[in-house]
J.: 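Supplied in C-alpha cells, the structure appears directly below.
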Amino acid sequence: MTLWGGRFSGKLEENAWNLNTSLPVDKRMAIQDVDGSLAWAAALVQSGILTGEEYEQICNGLTVIKQEFSEQNFLFMDGDEDIHSAVERRLTELVGDAARKLHTGRSRNDQVSTDFRLWMMAARPRLISQIKLVQLSLLEKAENAGETYMPGYTHLQRAQPVLLAHWWMSHFWPLARDVERLDSLEKRISILPLGCGALAGTSLDVDREALAEKLGFEKAAPNSMDSVSDRDFAAEFLFCASMIGIHLSKLAEQMVLFNSSEFGFFELSDEYSTGSSLMPQKKNPDTFELTRGKSGVLIGLLTGLLTTLKGLPSTYDKDLQEDKAPVFAAYDTLMLLLPVLAGGIRTVSAKTKRMEGAVDSFMMATDLADYLVDRGIPFRETHSIVGKAVRMAIELGSGLDGLTLDQYKSIHPAFEPDLYQALNPLESIRKRKALGGTAPEAVQYQIQQARSSLKGE
Ligand code: ARG
C-alpha cells in the first residue's frame with residue numbers, strides 16, 4: 001500500500017514503480033527516519049493531535065522498529081516505496097490507529113530532507129576522523145624524515161632542493177583545509193526542515209525551534225518553500241568530497257611517479273602494492289592509481305548533483321530524490337580510500353640516497369645569484385650573471401660545481417672561493433627559514449602547528 005493510494009484506482013506499472021522507488025538508496029537513513037518521527041510525535045502531542053497514550057504507543061512502536069533496524073531484522077515489504085513509507089507501514093502493524101496520526105501536518109518533503117541532514121550530521125565527523133588519520137601518517141613521515149632532502153619541482157623540472165619533511169607536510173595542509181571546510185559545512189547542514197510541510201508550512205501549532213533543538217539542529221529553516229528544496233548542503237558535501245579527492249589524487253600521482261624506476265625515490269610496501277599477471281617483475285602502485293582514479297568519480301558525482309539542481313522549479317521536485325545516491329557513494333568511496341591511503345603512506349620507504357642524488361648543482365643557481373646579491377649586486381643582474389655560468393657549465397658538460405674559480409671570475413669578478421658553499425643543497429635549504437620555508441627549524445615549527453591543528457587547537 002502506498003501512502004498516496006486513495007486518489008488512484010489503478011496500480012503503478014512495474015517499471016514505473018522501480019523507477020519511482022527510492023528504498024534501495026534511502027533505507028540507509030532508517031535510524032534517522034525513526035528519530036525524526038519520534039521528535040515529530042512529541043510535537044503532535046503539544047499541538048493536541050496525539051493523546052499522551054497514543055504518543056506512548058507510537059514511541060514504543062518506533063523503539064521496536066529502531067531495534068529491528070539495528071539488529072538488521074526489519075522486514076521490508078514489496079509495497080514500501082521509500083524508507084518513510086516502510087517505517088510508517090511497520091508502525092501501523094505494531095500500534096494500529098495511533099500510527100495513522102503520525103503523518104499529520106508533515107510531508108515526506110520536509111521529512112526526507114530532515115533525515116538526510118541527520119544522516120550527514122552523523123557521517124561528517126566519521127569522515128573527518130579518517131582524513132585526520134591520513135594527516136597523521138603524513139605528519140609522522142615528516143617527523144621521521146630528519147634532514148633528508150630531495151629535488152623540489154616546478155613544471156616538473158628540477159627547481160630547488162627541499163627537505164623531504166617539507167614535501168610530506170605540503171600534502172598535510174590541503175587536508176587540513178578539507179577538515180576546515182567540512183567543519184564550516186556543519187552550520188548549513190544543521191538547519192531543520194521538519195515542520196515545513198509539503199511546501200507551505202504546517203497548519204499545526206508546533207514550536208519548530210524546540211523541535212530543532214531536540215533533534216540536535218542549530219536552528220529551524222526560516223522559509224518552508226526554500227527548505228523543502230534546499231540541497232546546498234548535499235552539493236557542498238560533494239564539493240568537499242571532490243576537493244579531498246583532488247588532494248589525495250595529487251599526492252597519489254606523486255607517489256606513482258616517484259615510485260617509478262625513473263625516479264626511484266620511494267619503495268611501496270608489499271601490503272599496498274600489487275603484481276602483474278603477465279610480468280613477474282612488476283610491483284604496481286594500484287592503491288595510489290585507484291586513489292587518482294576515484295577522484296574523477298567524485299568530481300562526477302558533484303557535477304551530477306549540480307546538474308540535477310540547476311533550473312528546478314521552486315520547492316520540492318521528484319528530481320531531488322536523486323540527491324542521496326551521489327552523497328552516499330562519495331562518502332563510501334572516501335571511507336574506503338582514506339584508510340588505505342593512510343596505510344600506504346605509513347608503510348612507504350624513502351630511498352634517501354636516490355632522492356639526494358637527484359639534487360644537482362644547477363638547482364642551487366638561485367642561491368648563487370643570492371650569493372652575489374649579498375655582495376651588493378642587484379638581483380636582476382645576478383640572475384643573468386649566473387645564467388652565463390649555467391650556460392658555460394652546460395657547454396663544458398659539467399655542473400655549476402664543476403666550474404673553476406677562474407672560470408667564475410671570468411664571468412664576474414665578485415665571485416670568491418666561498419661561492420662553492422652556496423652550491424651545497426643543505427646550505428640552500430637552511431637559508432629558507434622564514435615562516436613556511438623549507439629550513440629545518442621552519443619545518444619543525446610547521447610540524448608543531450600541524451600537531452596542534454590535528455588536536456583541533
Ligand atoms: N523518496 C522521496 C525523496 O527521496 C521522498 C519525498 C517524496 N515526496 C513526494 N512528494 N513524493 O525525495
Side-chain angles (χ1 to χ4, degrees), residues 1-8 10-37 39-40 65 69 74 76-91 102-123 189 191-203 215 221 223-235 237-238 301 304-332:
M1 229 344 230
T2 58
L3 299 174
W4 38 263
R7 186 222 179 282
F8 292 81
K11 253 181 80 192
L12 195 60
E13 189 269 337
E14 194 185 331
N15 289 317
W17 170 269
N18 291 337
L19 172 67
N20 194 54
T21 179
S22 56
L23 188 64
V25 174
D26 60 28
K27 64 179 177 201
R28 193 164 171 165
M29 308 188 304
I31 300 290
Q32 289 77 20
D33 197 71
V34 173
D35 287 343
S37 288
W40 187 244
I65 293 175
F69 280 125
F74 182 97
F76 286 104
M77 301 291 224
D78 281 349
D80 294 340
E81 188 183 351
D82 51 28
I83 190 61
H84 326 294
S85 40
V87 170
E88 197 175 319
R89 189 258 313 147
R90 179 69 182 132
L91 188 65
L102 179 62
H103 210 55
T104 318
R106 179 176 78 171
S107 154
R108 279 181 297 162
N109 298 355
D110 55 350
Q111 192 179 356
V112 68
S113 172
T114 302
D115 293 1
F116 196 15
R117 287 167 186 266
L118 281 173
W119 178 87
M120 202 178 278
M121 280 152 78
I189 306 172
I191 305 172
L192 179 75
L194 201 57
C196 285
L199 79 156
T202 184
S203 55
L215 280 168
N223 181 304
S224 60
M225 295 179 78
D226 170 42
S227 182
V228 293
S229 72
D230 170 16
R231 294 296 184 275
D232 294 10
F233 67 99
F237 180 87
L238 287 173
L301 294 169
L305 182 65
L306 290 174
T307 313
T308 300
L309 296 178
K310 180 195 163 296
L312 284 185
S314 95
T315 95
Y316 181 83
D317 299 277
K318 194 63 176 253
D319 318 44
L320 292 174
Q321 181 165 282
E322 297 301 324
D323 58 355
K324 286 166 282 308
V327 167
F328 293 161
Y331 175 77
D332 291 341

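When a ligand or atom number is given, it counts from 1 through the structure's own listing order.
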J.: Around atom 3 (C) of ligand 1, find the nearest protein heavy atom and jot down its residue, atom name and distance.
T.: Y316 OH, 3.3 Å
J.: For a 4.5 angstrom cut-off between non-hydrogen side-chain atoms, does H103 reach R108?
T.: yes
J.: Got the closest protein heavy atom to atom 10 (N) of ligand 1, with its distance?
T.: N109 OD1, 3.0 Å
J.: Check whether any side-chain heavy atom of V112 sits under 4.5 Å from a side-chain heavy atom of Q321, and report yes or no.
T.: no
J.: Assess whether a salt bridge exists between D319 and R231, defined as any Lys/Arg side-chain N lying under 4.0 Å from an Asp/Glu carboxylate O.
T.: no
J.: Do the side chain of D110 and the main chain of G195 share a donor and acceptor less than 3.5 angstrom apart?
T.: yes
J.: Any carboxylate oxygen within less than 4.0 angstrom of a Lys/Arg side-chain nitrogen, looking at D332 and R28?
T.: yes
J.: Quick one: nearest non-hydrogen protein atom to atom 4 (O) of ligand 1, plus distance?
T.: K324 NZ, 3.0 Å
J.: Out of all atoms in ligand 1, which are within 4.0 Å of some heavy atom of D82? Include the element for each.
T.: 1 (N), 2 (C), 5 (C)
J.: Give the contacting part of Q111 toward ligand 1: side chain, backbone, both or neither, where contact means a heavy-atom distance below 4.0 Å.
T.: neither
J.: Set out, in order, the CA-CA distance, both residues' side-chain angles and the distance that settles side-chain hydrogen bond (donor to acceptor under 3.5 Å, both in side chains) for D230 and S227, then state yes or no.
T.: CA-CA 5 Å; D230 170 16; S227 182; over 6 Å; no
J.: With respect to S22, determine whether any N or O atom, backbone or side chain, lies less than 3.5 Å from an N or O atom of ligand 1.
T.: yes
J.: What protein heavy atom is closest to atom 2 (C) of ligand 1, reported as residue, atom name and distance in Å?
T.: Q321 OE1, 3.2 Å
J.: Any idea which protein heavy atom is nearest atom 11 (N) of ligand 1, and the distance to it?
T.: R108 NH2, 3.6 Å
